[in-house]
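This structure is a prediction, so every number in the text was calculated from the model and none was measured. Letters go in sequence order (proteins before strands), and every chain restarts at 1.
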Amino acid sequence: MAHAVEPLVACDFETSGHKTEYALQPWRYARGDAWPTAFTYMWDDGTVHQRGGLMPTAETLRAFFTHVRDTGATIVAWNAVFEAAWCIAMGFRDEVRCTRWLDPMLLWRHLEIEPEYDMDRSKKKSYGLKLAVAEQYPQHAGYDEQVDFHDPSPAARKVLLRYNRLDVLFTLRLAQRYIALLQQSPRQWRAAQIEARAIPFVAEANVDGMPVDLLVARHLEATLTNTAAHAQATLAEHGLTETIVRSPTKLATLLYDQWGLPVLKENVGKKTGNVSRSTDKEVLHELAFLDPRIAELRKYREALTNRTKFATGPLESRTYNGDGRTYPQAIVFGTYSGRMTYSSKQGKNKDERPIGFALHQEKRGKAFRDIIVAPPGYTLVEFDASGQEFRWMAIASNDATMMQLCLPGEDPHSFMGARIAHREYREFQTAYKSGESAAKDGRQLGKVANLSLQYRTSAKKLRVVARVDYNIPLELPESERIRSTYLQSYRGVPVYWAQQIQLTKHRGWVETLAGRRVQVVGNWDGSMGWSMGSTAINYRIQGTGADQKYLALACLHDTMVKFGVRFAWDLHDGIYFWIPDAVLKPAIAKMRHILHHLPYRQAWGLTPPVPLPWDCKIGKAWGSLREYHGD
DNA sequence: CTCCCTTGCGCC
DNA sequence: AAAGGGCGCAAGGGAG
């Protein structure tokens, strides 16, 4: 893992397009709808050297990558995924893949005190270069004033070039500063470097996008329209309209004032204190036992939501982009725990541009996921970190039973199902495998318990999850008994909770097993105390999962380059790739081997006491993936 | 009208 | 007193 990051070469693009918004959409470069207006790169070997200039060409980039190759430099760029994406769009895919990248914006995040529980956490801090300059070099704040990215006049271009050069200079200086700071904490620095290896792959995914199957998406849209129309027709005579079902306020009036149903739950506004009568799906699930119309109403609302989000949305983005593709943009370190997030739009409010769709929220059904298909000549391959959070909790808590259940041939959900049903585990496991229906239901309950109770969920909440999400008619006494069973089965888990909270109170920060950190600052005795405790407990597990995925990508790098494998997208415990059909089998075999032998000890200083296996699925459309075991 | 906040809900 | 966490997006509703 060790690799010198020096020397550094900083770079920055300015861009424009036939519409100003295209400046942020490098995939339009190929059609001539977007282009770079300036590109500067800079290094400091005692003297500051500066190259590049206005209207860069392929020759400019060739000289840049030649310099990088000859000096063995690491490229630094603010929001480096964007710079790398432009390089790829301009034809330098191989060069981007085979160079090291580092993003001072991400390094800044690693150094930040976040989350802060005294502040309003709904207001997320921005990590723009201008803010970093204002913080570190206040005398230079406001250097971006009077810049026009799109005015081609010589006077405006002169201002633009000066701005571009300052951007690069500040990027270089901030990178040097943040690297020095992070290196004081070697494990954090190492985690940040491993994460940075994902930059070229994420850039590729963002600039390549993914094909949307037009017919499948239209069919989905039509199906959901029919579902909604049918429900609407059924309920029209009872006063339900689309406007009402889409409005929580209007729906509450209908349900509680006109239909006379009981109010089962109220919402209290966190800021305003306003009280409203809830119409959420938990409430609807319970009301459905009292009134047969409610199940249809819930189906109606779901069909409308799903149509907009998962059919109309992707189709709109396909039309907007004009090339049959959708471009949800991956954001490295998008969550404070390190996981990636996705954005489906650029701009705000009336300037919103629908470039992508809500990839991370895509429903699990085949009909939904099949709208995304492999590009010609490629197969979609998913590697999924099996039982990821259960395994990391087993390791973090050192619970002997959980660790035992991570061994080959074991089934944690059957184990918990058996405990709940007062049955013997092996007998239960055999019954489940032979298709016994009681064992099937029991395992489902065990699964709900294993998945829900790992993070201090209450019996009350467990009851709701079981009822609403799994349609299991659980009542509170039984839910309490299951929770007790869980805690008695995995004695190490509540001990881990308490220890993790104590340690975090003492240190003021939590770390993942890889060494990624987050500060936990606030009043432990105040109203945020519970939430701070949850961060102490959850961050270590969830963040380790994120680090595991970055480690996987870093270690797969050489194989991906060799076989021409492309990173497609991330779904937290799953990584998706486009693999050329011609090398599908050997590439998967090699990738699987690497994933099963990730160098946790060298990278993190950890020797996992249990196996950390990955499952593999392959197919031509997202909804149609099949388990793949090799041959 | 725009902008911001709230409710509700999809995934992990 | 009781309380899983993390996100982003759709849509309504209200302020200005």
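- Heavy atoms of A/Ser247 sit under 4.0 angstrom from primed sugar atoms or phosphate atoms, though from no base atom.
- Taking the six-membered ring where the residue is Trp, the centroids of A/Tyr336 and A/Tyr539 are separated by under 6.0 Å.
- Rounded to an integer number of Å, the gap from A/Arg540 CZ to C/dG4 C1' is 18 Å.
- Between A/Tyr600 and A/Trp392, the ring planes are perpendicular. Angles over 60° get that label, and only those under 30° would be called parallel.
- Side chain of A/Lys460, nearest nucleotide from C/dA3, C/dG4, C/dC7: C/dA3.
- Scanning for salt bridge (charged side-chain N to carboxylate O under 4.0 Å, His left out) contacts around A/Glu21 gives an empty result, with sequence neighbours left out.
- Rounding to whole angstrom units, CZ of residue A/Arg246 and P of C/dC9 are separated by 18 Å.
- Rounding to whole angstrom units, CE of residue A/Met340 and C1' of B/dC11 are separated by 16 Å.
- Closest contact between the side chain of A/Asn306 and the listed nucleotides C/dA3, B/dT7, B/dG10 involves B/dG10.
- Between C/dG13 and A/Asn274, no contact under 4.0 Å exists linking OP1 or OP2 to a side-chain N or O.
- For A/Trp569 and A/Trp622, the distance between ring centers is under 6.0 angstrom.
- Side-chain nitrogen and oxygen atoms of A/Lys345 include at least one within less than 4.0 Å of the OP1 or OP2 phosphate oxygen of C/dA10.
- Side chains of A/Asn450 and A/Tyr490: a donor on one and an acceptor on the other come within 3.5 Å.
- The side chain of A/Ser344 contributes an N or O atom lying less than 4.0 Å from OP1 or OP2 of C/dC9.
- Between the NZ atom of A/Lys250 and the C1' atom of C/dA10 there is a distance of 15 Å, rounded to whole Å.
- C/dG5 is paired with B/dC12 under the Watson-Crick or G-U wobble criterion, all donor-acceptor distances under 3.5 Å.
- The residue A/Lys363 sits close only to the backbone: its heavy atoms come under 4.0 Å of sugar-phosphate atoms, none of a base.
- At the heavy-atom level, A/Ser278 lies under 4.0 Å from the strands shown only through sugar-phosphate atoms.
- Atom CD1 in A/Ile501 sits about 15 Å away from atom P in C/dA3, given to the nearest Å.
- If you check every strand for non-hydrogen atoms under 4.0 Å, A/Thr305 touches nothing.
- Listed by residue number, there are no residues of residues 479-498 of chain A with a heavy-atom contact under 4.0 Å to DNA chain C.
- Residues A/Trp614 and A/Phe383 place their aromatic rings such that the two centres sit no closer than 6.0 Å.
- Between A/Arg301 and B/dC9 there is a side-chain polar atom (N or O) within less than 4.0 angstrom of OP1 or OP2.
- Pairing for C/dG13 goes to B/dC4, judged as Watson-Crick or G-U wobble with the two contacts each under 3.5 Å.
- Residue A/Arg339 is classed as a base contact, given a heavy-atom separation below 4.0 Å to a base.
- Using a 4.0 Å cut-off, some side-chain N or O of A/Ser458 falls inside it from OP1 or OP2 of C/dA3.
- Within the nucleic acid shown, A/Phe357 has no heavy atom closer than 4.0 Å to any nucleic acid atom.
- The phosphate of B/dC12 has neither OP1 nor OP2 within less than 4.0 Å of any side-chain N or O from A/Lys549.
- Residues A/His110 and A/Glu195 have side chains that bring a donor and an acceptor to within less than 3.5 angstrom of each other.
- In this structure, the side chains of A/Cys616 and A/Glu627 stay at 4.5 Å or more apart for every pair of heavy atoms.
- Here C/dC7 presents its P atom at 16 Å from NZ of A/Lys309, a figure rounded to the nearest Å.
- Remark: the A/Gln454 side chain and the A/Glu389 side chain contain no N/O donor-acceptor pair separated by less than 3.5 Å.
- Counting only heavy atoms from C-beta on, A/Asn538 has its side chain closest to C/dG4 among B/dG10, C/dG4, B/dT7.
- Among the atoms of the strands shown, none is found under 4.0 Å from any heavy atom of A/Thr243.
- Residue A/Lys281 places at least one side-chain N or O under 4.0 Å from the OP1 or OP2 atom of B/dG10.
- Nucleic acid contact class of A/Arg369 (heavy atoms, under 4.0 Å, all strands): sugar-phosphate only.
- For the pair A/Ser337 and C/dG5, the criterion of a side-chain N or O lying under 4.0 Å from OP1 or OP2 is not met.
- Among the protein residues, A/Gln542 comes within range of the nucleic acid bases, having at least one heavy atom under 4.0 Å from a base atom.
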